[in-house]
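Just below is one structure, and these are the notes that go with it.
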Amino acid sequence: MEAKTDVDLDQIQIEYLGRNGYLTQEIKNISRLHKDDRKGAGIIINEAKKIVLDMIVARKNQLKDSSKEWFDKTIPGIKPSVGHLHLVTQAIAEIADVFEKIGFVRVRYPEVEWDYFAFGALNFPEVHPARDDWETFFVDVNPDKKYGPMVLTPHTSSGQVREMKRVGKPPIRMVNIAKCYRRQSDISHTQMFHQFEGLVIDENISVVNLKGTLDYFARNFFGDTRKTRLRPYNFRFTEPSFEVDITCDICNGVGCRLCKAGWLELGGAGMVHPNVLKAGGIDNKKYSGFAFGWGVERAIMMKSGINIPDLRLLYSPDLRFLIQF
Ligand code: PHE
């Protein structure tokens with residue numbers, strides 16, 4: 001036994017030298033020896049007792065000395081590495097925070113979804129290319145009679161009609177942040193990615209409200225000097241539809257190698273199509289709304305100071321990369 005404390009040493013002393021200790025026992029056994037041997041055995045055993053006792057005392061002194069060793073309690077400790085939240089998780093929390101401040105409610109809807117909520121209810125025609133298995137992941141189960149095939153949701157817009165059905169009567173102000181899946185993989189795309197979707201429905205909602213919300217988000221997430229612009233586009237579930245651009249933070253809107261003449265493309269937006277309101281059971285004469293849906297990873301890349309050369313690195317387990325953020 002390695003004696004580390006006084007208590008250990010007392011234990012050893014009892015074991016060897018105590019009343020029933022090993023060496024004490026040996027002394028008692030001397031009487032059983034031949035009388036010529038008794039004297040020699042006594043000397044050896046007493047010698048052994050002395051050695052053991054000396055060793056115990058020496059070790060006790062040693063312990064006493066080392067406890068007196070000078071120790072500077074003010075030296076800062078060594079910080080254990082505790083890790084941190086993933087960059088995408090941080091961004092999601094930040095995005096939710098920005099929208100919650102203006103009354104949006106954060107919701108989440110299924111990532112494994114029916115074709116109906118992902119496409120059908122959103123005014124996609126039966127033959128739209130997004131419904132092809134070259135673009136969307138289909139789950140290998142029997143289609144539902146009412147909702148059609150099962151898919152991995154390709155966008156957070158699949159939460160729009162679900163939210164209308166959940167709330168029933170406007171106003172609706174939702175922000176749906178979730179995973180989405182598409183058949184794509186290159187330096188700016190991953191098969192699994194995240195989107196955040198805003199949906200606002202109320203009386204008298206117009207493009208002005210959309211633009212105001214986008215500018216508010218751009219200022220609060222990207223920084224005070226960033227501006228947005230709307231470009232006409234086409235989505236099946238919004239009319240009119242827009243692509244939203246934001247001023248490039250490298251050149252501040254002048255034009256550089258990274259951007260298209262000063263602007264970076266952020267994502268889609270538009271006024272909710274009357275057919276979509278109808279699918280959600282909302283009176284499309286009385287109410288109108290806007291929606292927008294952008295990629296979280298893309299938004300991170302456009303945020304000042306973060307330059308990610310390949311989006312796929314975000315989902316690699318390489319800590320040398322992840323540890324930086
Ligand atoms: N769902 C669209 C996409 O993934 C984006 C979008 C959302 C467009 C809401 C308009 C309104 O590209």
Side-chain angles (χ1 to χ4, degrees), residues 92 95 99 104 106-111 113-125 128-132 134-137 151-164 172-184 188-202 205-214 217-218 228-246 264-280 282 284 287-299 301-302 311:
I92 288 173
I95 291 164
F99 284 111
F104 282 61
R106 175 146 186 221
V107 294
R108 288 185 74 172
Y109 285 112
E111 290 161 10
E113 182 55 287
W114 297 111
D115 170 280
Y116 175 76
F117 291 105
F119 301 118
L122 296 179
N123 206 34
F124 280 70
H128 193 280
R131 277 177 143 163
D132 194 290
W134 194 244
E135 290 219 355
T136 296
F137 290 106
V151 299
L152 299 187
T153 198
H155 56 181
T156 41
S157 301
S158 51
Q160 287 191 16
V161 166
R162 284 189 178 273
E163 177 70 354
M164 293 178 205
I172 291 174
R173 268 190 227 116
M174 81 153 196
V175 57
N176 174 24
I177 313 178
K179 291 187 174 70
C180 304
Y181 303 83
R182 289 186 200 174
R183 294 194 57 176
Q184 51 183 18
S188 55
H189 294 94
T190 49
Q191 289 168 321
M192 186 284 298
F193 59 104
H194 295 78
Q195 282 192 338
F196 57 107
E197 179 101 5
L199 175 70
V200 171
I201 301 174
D202 206 343
I205 295 292
S206 74
V207 178
V208 175
N209 304 110
L210 169 63
K211 183 69 165 71
T213 306
L214 301 184
F217 177 75
T228 67
R229 78 173 177 192
L230 302 179
R231 258 183 308 116
Y233 199 72
N234 173 41
F235 293 107
R236 301 302 308 196
F237 40 98
T238 45
E239 182 58 40
S241 300
F242 310 103
E243 282 277 43
V244 181
D245 295 338
I246 182 165
L264 294 163
E265 204 180 292
L266 195 55
M271 301 307 293
V272 182
H273 195 288
N275 288 352
V276 178
L277 291 171
K278 202 166 132 203
I282 288 181
N284 59 19
Y287 296 106
S288 55
F290 68 76
F292 54 85
W294 305 332
V296 173
E297 290 83 352
R298 235 188 121 66
M301 294 233 275
M302 290 174 171
L311 205 67

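First listed ligand is number 1; within each ligand, the first listed atom is number 1.
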With a 4.5 Å limit on heavy-atom distance, are the side chains of [X] and [Y] in contact?
| X | Y | result |
| --- | --- | --- |
| Tyr181 | Gln191 | no |
| Val244 | Phe292 | no |
| Asn209 | Asp202 | no |

Closest protein heavy atom to [atom], given as residue, atom name and distance to 0.1 Å:
| atom | result |
| --- | --- |
| atom 4 (O) of ligand 1 | Arg182 NH2, 2.8 Å |
| atom 9 (C) of ligand 1 | Glu197 OE2, 3.4 Å |
| atom 5 (C) of ligand 1 | Gly293 O, 3.6 Å |
| atom 2 (C) of ligand 1 | Phe237 CZ, 3.8 Å |

(request) Inspect the contact between Glu265 and Arg298 and indicate whether a charged nitrogen and a carboxylate oxygen are less than 4.0 angstrom apart. (result)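 So Arg298 does not pair with Glu265 through a salt bridge.
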(message) For Gly267, state whether at least one heavy atom is located under 4.0 Å from any atom of ligand 1.
(response)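 So Gly267 does not count as touching ligand 1.
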(message) Any heavy atom of Phe242 closer to ligand 1 than 4.0 angstrom?
(response)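 Per 4.0 Å heavy-atom rule, Phe242 does not contact ligand 1.
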(request) Assert yes or no for the condition that the ring centre distance of Phe237 to His155 is strictly below 6.0 Å. (result)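 Yes - the distance between ring centres of Phe237 and His155 falls below the 6.0 Å cut-off.
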(request) Could you tell me whether Phe196 and Phe217 have their ring centroids closer than 6.0 angstrom? (result)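 For Phe196 and Phe217, the ring centres are under 6.0 Å apart.
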(request) Answer yes or no: does an N/O atom from Gln160 fall short of 3.5 Å to an N/O atom of ligand 1? (result)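 Such a contact does not occur with ligand 1.
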(message) Does any N or O of ligand 1 fall below 3.5 Å from an N or O anywhere on Thr238, backbone included?
(response)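 No, no N or O pair falls under 3.5 Å.
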(message) Just to verify, which of Arg162, Arg108, Lys179 counts as forming a salt bridge (Lys or Arg N to Asp or Glu O under 4.0 Å) with Glu113?
(response)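 Only one option passes, and that is Arg162.
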(request) Determine whether the side chain, the backbone, both or neither of Ala269 has a heavy atom under 4.0 Å from any heavy atom of ligand 1. (result)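 Only the backbone of Ala269 comes within reach of ligand 1.
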